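Predicted, not measured: the structure shown is a model, and the values here were computed from it. Sequential numbering from 1 along the given sequence is applied to the chain's residues.
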Amino acid sequence: SMSTEPTAAPVALSPLAVSPQGGCSLSCCGGMAESSVAYFMQWHRLQITFEGVPSFEDAEPNPFLDYRLSVDMTHSDTGTTVRVQGYFAADGNAAVTGATAGDKWRVLFLPDKTGMWSWTASFVFGDDVAVNLDDVGTPLCFDGASGSFFVVDSDKQLPDLRKGGYLKYVGEHYLQY
């Protein structure tokens, strides 16, 4: 487990691949890698794509209703955990290809703190499990997959919004960082 920032300049990540379990795979995009640790920037989008159960938009079971992907992201220094809901991403590039079928499942996350983060995936199947808040469903494929990454300060400057973080309503006529 790493607790300090890297001493060498990280190199572009293209993409970092890991093999969790059950013949499924995953990749993390949008960051940098130095050895086996993935580095991302605060307030920049982190994307984890899992290769899992093949499906299509009109399938039965329904990929939007009968499967639930969630990933718990935990900040090591504070112990804060954020549960990020995932989605069926068809071929992983449907915005460009127009695909309606595939085996990609994805989560997107904006880390709000620098330092080490760990994550654990939950991928379950069951009738209407995606809209059921109870801990139900049959674990599948990459359920239990886990990893970690390190978040460094953003390299952006204002007015780029990735420098300031979330805009919040503060009861005034304008939003504030």
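- Annotation: Trp105 is in aromatic contact with Phe123 [ring centroid separation under 6.0 Å].
- Considering Phe40, Tyr39, Trp117 in turn, Tyr39 is the only one that fulfils the ring pair (Phe, Tyr, Trp, His ring centres under 6.0 Å) rule with Phe150.
- Hydrophobic clustering (ILVMFWY, side-chain heavy atoms < 4.5 Å, transitive): Leu69 and Phe56 are in distinct clusters.
- Residues Val131 and Tyr87 do not share a hydrophobic cluster, defined by chaining ILVMFWY side chains whose heavy atoms lie under 4.5 Å apart.
- Counting only heavy atoms from C-beta outward, the side chains of Met116 and Ser148 approach each other to under 4.5 Å.
- Under the 3.5 Å distance criterion, with hydrogens and angles disregarded, a donor-acceptor pair is assigned to the side chains of Asp91 and Thr97.
- Pro111 places none of its side-chain heavy atoms less than 4.5 Å from the side chain of Trp43.
- Under the 4.5 Å side-chain criterion, counting only non-hydrogen atoms from C-beta, Leu46 is in contact with Phe149.
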Could you walk me through whether Lys156 and His44 pass the side-chain contact (heavy atoms from CB on, under 4.5 Å) test, one step at a time? CA-CA 10 Å; Lys156 303 300 180 192; His44 292 237; 3.7 Å; yes
Decide yes or no on side-chain contact (heavy atoms from CB on, under 4.5 Å) for Val82 and Phe109, but give the supporting numbers first. CA-CA 9 Å; Val82 177; Phe109 178 61; 4.2 Å; yes
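- Ring planes of Phe142 and Phe50: parallel class, angle under 30° (limits at 30 and 60°).
- To the nearest 0.5 Å, atom CG of residue Asn93 and atom NZ of residue Lys104 are 10.5 Å apart.
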Could you go through Val71 and Thr120, starting from their C-alpha distance and side-chain angles, then the distance that decides it, and tell me whether this counts as side-chain contact (heavy atoms from CB on, under 4.5 Å)? CA-CA 6 Å; Val71 176; Thr120 303; over 6 Å; no
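- No side-chain heavy atom of Thr138 sits under 4.5 Å from any side-chain heavy atom of Val124.
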Tyr67 vs Asn62, side-chain contact (heavy atoms from CB on, under 4.5 Å): CA-CA, chis, key distance, verdict: CA-CA 7 Å; Tyr67 296 92; Asn62 185 314; over 6 Å; no
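- A distance of 9.0 Å separates OG of Ser122 from CD of Gln85, quoted to the nearest 0.5 Å.
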